[in-house]
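The structure under discussion appears below in the form of structure tokens.
The residues of the chain are indexed from 1 along the displayed sequence. Being a predicted model, the structure only gives us computed values, none of them experimental. First listed ligand is number 1; within each ligand, the first listed atom is number 1.
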Amino acid sequence: MTQLQINGQTKEVNVPDDMPILWVLRDELGMTGTKFGCGMAMCGACTVHVDGTAIRSCLTPVSVATGRQISTIEGMEGDLVGRAVQDAWLTNNVAQCGYCQAGQIMTAVSLLKVTPRPTEQEIADAMSGNICRCGTYPRILAAIQQAAARLAQGGTQ
Ligand code: FES
Ligand code: FES
């Protein structure tokens, strides 16, 4: 039995050490907010955080996360930066089909936690590994800038 900390809760799963975190989340725990895109660490749809760092859960074995904190899109409602980013996503109507968006938000949150006032270039660099086949990139940029500005003012409204 493997014990995992996910969004502040302890979960127990009976899985092999080399099972990707994405499989554990979706297939073992029914947490389907995190998406499977390419399965090859090339699209970012599966992005979650391990100890605050954005990682590709499709290729990261669950053994990497034991004793560490996993955060997923389901946990962003209870996270100050996560909430600000999600609010800005709604205000800017970022999503189109929506498939890539959980991964986009998780990468944006990890960026803003390390770099609270990123430049446009820093946003572009941080988000460059998250592919959106609907082309929502301009709205993603606007939403991240808005979330950063709101957080700098000390709130999410
Ligand atoms: S599904 Fe993991 S990067 Fe594409
Ligand atoms: S919103 Fe459709 S892939 Fe990004």
Side-chain angles (χ1 to χ4, degrees), residues 2 4-7 11 13 15-77 79 81-115 118-150 156:
T2 303
L4 297 171
Q5 296 294 322
I6 305 178
N7 299 330
K11 305 276 187 186
V13 288
V15 297
D17 281 352
D18 62 352
M19 180 179 277
I21 293 172
L22 181 61
W23 272 236
V24 177
L25 292 172
R26 291 183 59 86
D27 297 343
E28 300 294 323
L29 296 170
M31 298 175 68
T32 53
T34 308
K35 302 302 184 203
F36 174 85
C38 63
M40 301 191 303
M42 295 182 71
C43 77
C46 66
T47 304
V48 301
H49 301 169
V50 174
D51 282 350
T53 300
I55 58 106
R56 304 295 196 232
S57 66
C58 65
L59 283 191
T60 306
V62 70
S63 56
V64 167
T66 47
R68 303 168 76 187
Q69 293 288 338
I70 301 173
S71 303
T72 72
I73 190 68
E74 289 90 347
M76 289 302 99
E77 185 65 26
D79 180 286
V81 177
R83 218 167 35 244
V85 169
Q86 287 183 310
D87 285 349
W89 241 247
L90 287 174
T91 305
N92 288 276
N93 289 319
V94 173
Q96 190 161 319
C97 82
Y99 199 84
C100 71
Q101 298 293 330
Q104 304 279 4
I105 287 170
M106 295 306 289
T107 301
V109 171
S110 74
L111 165 67
L112 291 180
K113 287 193 175 189
V114 175
T115 310
T119 63
E120 194 168 324
Q121 188 60 51
E122 286 171 326
I123 294 172
D125 290 346
M127 301 304 295
S128 64
N130 284 75
I131 308 302
C132 175
R133 70 179 182 180
C134 300
T136 62
Y137 303 113
R139 297 200 294 273
I140 288 172
L141 169 64
I144 293 173
Q145 289 173 323
Q146 185 177 78
R150 286 177 175 173
T156 61

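The atoms of ligand 2 that sit less than 4.0 Å from any heavy atom of Gln101 are 1 (S), 4 (Fe). Residue contact check: Arg133 has heavy atoms under 4.0 Å from atoms 3 (S) of ligand 2.
For the ligand labelled ligand 2, residue Ala95 lies outside the 4.0 Å heavy-atom shell.
In this structure, the separation between CD1 on Ile73 and CD1 on Ile105 is 4.5 Å, given to the nearest 0.5 Å. Expressed to the nearest 0.5 Å, how far CD1 of Ile21 lies from CD1 of Ile55 amounts to 4.0 Å.
Among Gln146, Gln145, Arg139, the single residue meeting the side-chain hydrogen bond (donor to acceptor under 3.5 Å, both in side chains) criterion with Asn92 is Gln146. Of the options Arg56, Arg26, Lys35, a side chain to side chain contact (heavy atoms under 4.5 Å, CB included) to Cys46 is made by Arg56 and by none of the others.
With 2.8 Å as the limit, Cys100 does not count as an N, O or S neighbour of atom 2 (Fe) of ligand 2. Among the backbone and side-chain atoms of Cys97, an N, O or S atom lies under 2.8 Å from atom 2 (Fe) of ligand 2.
For atom 2 (Fe) of ligand 1, the count of nearby protein N, O or S atoms, meaning those under 2.8 Å away, is 2.
The backbone N or O of Ala147 sits nowhere less than 3.5 Å from a side-chain atom of Asp87 that would complete a donor-acceptor pair.
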Item checked: Residue pair Leu29, Val24: steps toward the side chain to side chain contact (heavy atoms under 4.5 Å, CB included) verdict -> CA-CA 6 Å; Leu29 296 170; Val24 177; 4.2 Å; yes
Next item on the list: Given side chain to side chain contact (heavy atoms under 4.5 Å, CB included), test Lys11 with Glu28 step by step and report yes or no.
Entry: CA-CA 10 Å; Lys11 305 276 187 186; Glu28 300 294 323; over 6 Å; no
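Sequence neighbours left out, the pairs with a member in residues 27-59 that pass ring-ring contact (aromatic ring centres under 6.0 Å, His included) are Trp23-Phe36.
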